[in-house]
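This report refers to the structure that appears directly beneath it.
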Number of protein chains: 2
Amino acid sequence: AVQLRQVRRTYPDGAGTVEALAGVSLELHPGSFTAIMGPSGSGKSTLLSCAAGLDTPTSGSVVIEGVDLAALRPDAVTRLRRDRIGFVFQAYNLVAHLTVAENVALPLLLAGREPDAHLRRYLMHAVGLTGLEDRLPGELSGGQAQRVAIARALITRPAVVFADEPTGALDSHTGAQVLDVLRTTAEALAQTLVLVTHDPRVAAAAQRVVFLADGRLAAHLDAPDA
Amino acid sequence: AVQLRQVRRTYPDGAGTVEALAGVSLELHPGSFTAIMGPSGSGKSTLLSCAAGLDTPTSGSVVIEGVDLAALRPDAVTRLRRDRIGFVFQAYNLVAHLTVAENVALPLLLAGREPDAHLRRYLMHAVGLTGLEDRLPGELSGGQAQRVAIARALITRPAVVFADEPTGALDSHTGAQVLDVLRTTAEALAQTLVLVTHDPRVAAAAQRVVFLADGRLAAHLDAPDA
Ligand SMILES: Nc1ncnc2c1ncn2[C@@H]1O[C@H](COP(=O)(O)OP(=O)(O)OP(=O)(O)O)[C@@H](O)[C@H]1O
Ligand SMILES: Nc1ncnc2c1ncn2[C@@H]1O[C@H](COP(=O)(O)OP(=O)(O)OP(=O)(O)O)[C@@H](O)[C@H]1O
Ligand SMILES: [Mg+2]
Ligand SMILES: [Mg+2]
């Protein structure tokens with residue numbers, strides 16, 4: 001579903017250069033469930049942004065469903081993301097002046113598709129947010145805001161779901177609930193699931209765990225029956 | 001150091017009322033290390049904000065170092081917070097247009113005190129941020145931003161340190177490093193340390209763990225030799 005080849009992403013930093021990604025090659029097969037772990041600052045969020053077409057590599061290529069992103073105009077990348085990709089941001093990025101229900105529904109609206117009130121209710125119930133439909137993001141707890149971001153990422157039934165530390169703000173019970181929603185939805189819809197996590201229980205549920213260090217893939221573990 | 005007595009905090013919610021805190025009484029002794037755990041949405045951030053004078057209870061009292069916050073004018077509460085309290089926000093709340101070094105130094109500046117370049121260097125080194133002094137918050141990873149917020153909370157050598165999920169964005173190694181800084185600083189300066197956490201290793205380091213559920217304290221655990 002997604003292939004990264006020798007992806008590098010550097011930033012200018014004073015007189016020098018920061019290598020956020022120093023040459024990452026990764027194959028994410030259709031229907032697979034991959035966890036990405038690594039120290040704070042190792043490049044996980046950068047990797048996810050490049051893989052989802054939210055950021056452009058300094059060099060190397062990203063191919064999504066057979067399409068090389070470098071060959072697309074920016075508006076075509078935007079359409080591809082909107083139609084095929086769900087993304088849970090590390091900082092959630094909810095729209096402050098829209099209600100929870102409006103935030104969850106927004107991707108469908110932006111994709112020019114019909115609203116899906118049934119799926120929205122199902123997703124909100126599945127992540128434990130029933131009753132919070134009319135709240136504004138500023139009226140939510142941290143973990144509630146995180147769960148809105150998760151429901152929003154799933155509303156378009158995307159082909160690929162990227163999530164950046166989706167259980168970071170959650171207690172173990174709620175975290176397990178969210179992991180369950182992501183897993184079962186991915187299985188039901190044959191989605192490709194890519195989760196950045198510091199949470200060993202999330203990693204334990206994946207078919208493959210890859211480890212990032214200093215912008216490089218350092219190691220990987222495959223589940224026995226993956 | 002801090003006493004909460006029957007603290008309630010409600011919000012209007014449509015036609016009804018949300019009880020974020022439903023009557024919490026808690027004693028935080030000078031020099032103690034308390035962890036607060038509980039499900040997402042159970043009132044932990046609200047409890048911390050009320051205890052630190054950042055939010056006003058709907059009813060009940062908060063007493064900090066013998067002073068009832070209700071007896072103070074708002075500017076006096078602000079001065080008390082600035083001089084005696086360090087606070088790590090769940091969303092960090094860094095100043096976007098100031099560098100990392102300026103963000104860490106800001107509380108001293110606001111308190112009208114002399115800069116403390118030595119302590120700032122020490123704290124940044126202790127949380128693993130050396131070399132990032134001139135970055136802007138937008139040029140940091142999530143866990144790096146969290147660690148800036150932690151260094152900032154400690155720069156004034158406050159009497160009481162409140163931290164809302166200070167290891168939430170950190171891998172286990174960096175999280176242990178941060179826990180160490182908080183613990184050893186608190187012991188060295190005889191600080192009162194109050195950490196909201198979902199992380200069992202943080203809870204295991206505390207002298208007391210209190211559990212919040214639906215805005216009430218449901219239970220507590222004391223370490224054997226606390
Ligand atoms: N402005 C508001 N209006 C209505 N309800 C609110 C408002 N702010 C917070 N709440 C509610 O108060 C409750 C407690 O929120 P709080 O942020 O203290 O929870 P928390 O325990 O810190 O959760 P988390 O672990 O997810 O950070 C939540 O149910 C939240 O939705
Ligand atoms: N605009 C920028 N300028 C300079 N360096 C940057 C910029 N943005 C990110 N970086 C650096 O790139 C590196 C990778 O960042 P990234 O956010 O991908 O890390 P991460 O693995 O997601 O960390 P965390 O677990 O803390 O979220 C970090 O060292 C970060 O400081
Ligand atoms: Mg990150
Ligand atoms: Mg909270």
Side-chain angles (χ1 to χ4, degrees), chain A residues 11-16 18 20 36-49 89-92 99 127-129 131-147 164-165 167-175 177-178 196-200 203 211-213 215, chain B residues 11-16 18 20 36-48 89-92 94 99 127-129 131-147 164-165 167-175 177-178 196-200 203 211-213 215:
Chain A
Y11 297 101
D13 183 37
V18 176
I36 302 173
M37 302 186 86
S40 170
S42 58
K44 303 180 298 298
S45 296
T46 306
L47 173 53
L48 228 63
S49 294
F89 293 89
Q90 190 166 357
Y92 324 146
T99 66
V127 297
L129 294 180
L132 301 184
E133 290 78 6
D134 300 320
R135 294 272 187 94
L136 292 176
E139 299 167 333
L140 298 174
S141 79
Q144 288 167 342
Q146 184 162 52
R147 286 178 276 156
D164 202 341
E165 300 185 33
T167 63
L170 304 175
D171 55 282
S172 56
H173 176 80
T174 313
Q177 187 177 347
V178 154
V196 165
T197 189
H198 292 308
D199 188 340
F211 295 85
L212 208 55
Chain B
Y11 296 100
D13 183 35
V18 176
I36 302 173
M37 301 186 88
S40 170
S42 58
K44 303 180 300 298
S45 295
T46 306
L47 173 53
L48 228 62
F89 293 88
Q90 189 165 358
Y92 323 149
L94 301 183
T99 65
V127 298
L129 294 180
L132 300 184
E133 290 79 4
D134 300 321
R135 293 272 185 93
L136 292 175
E139 298 167 333
L140 299 174
S141 77
Q144 289 167 342
Q146 183 161 53
R147 286 177 277 157
D164 202 340
E165 300 185 33
T167 63
L170 304 176
D171 55 282
S172 56
H173 176 79
T174 313
Q177 187 178 346
V178 155
V196 166
T197 190
H198 291 308
D199 188 341
F211 295 86
L212 208 56

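Throughout, protein chains are lettered first and strands after them, A, B, ... in sequence-line order, and every chain is numbered starting at 1. These numbers come from the heavy atoms of this one structure, side chains and all, not from hydrogens, waters or symmetry mates.
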How long is the gap from OG1 on A/Thr167 to NE2 on B/His198, to the nearest 0.5 Å?
9.5 Å
Given heavy-atom pairs under 4.5 angstrom as the criterion, report whether the side chain, backbone, both or neither of A/Asp164 touches chain B.
neither
If you compare all heavy atoms of B/Val18 against all heavy atoms of A/Arg135, which two are closest, and at what distance to 0.1 Å?
CG2-NH2, 3.2 Å
Relative to chain B, which segment of A/Gln90 carries a heavy atom at a distance below 4.5 Å: side chain, backbone, both, or neither?
side chain
At a heavy-atom separation under 4.5 Å, does B/Ser40 approach chain A through its side chain, its backbone, both, or neither?
both
If one checks every heavy atom of B/Thr174 against chain A at 4.5 Å, the contacting part turns out to be side chain
Measure B/Asp199 against the heavy atoms of chain A and call it side chain, backbone, both or neither at under 4.5 Å.
neither
Heavy-atom contact with chain A under 4.5 Å, split by part of B/Glu165
side chain
Give, as side chain, backbone, both or neither, the part of B/Ala169 having an atom under 4.5 angstrom from any heavy atom of chain A.
both
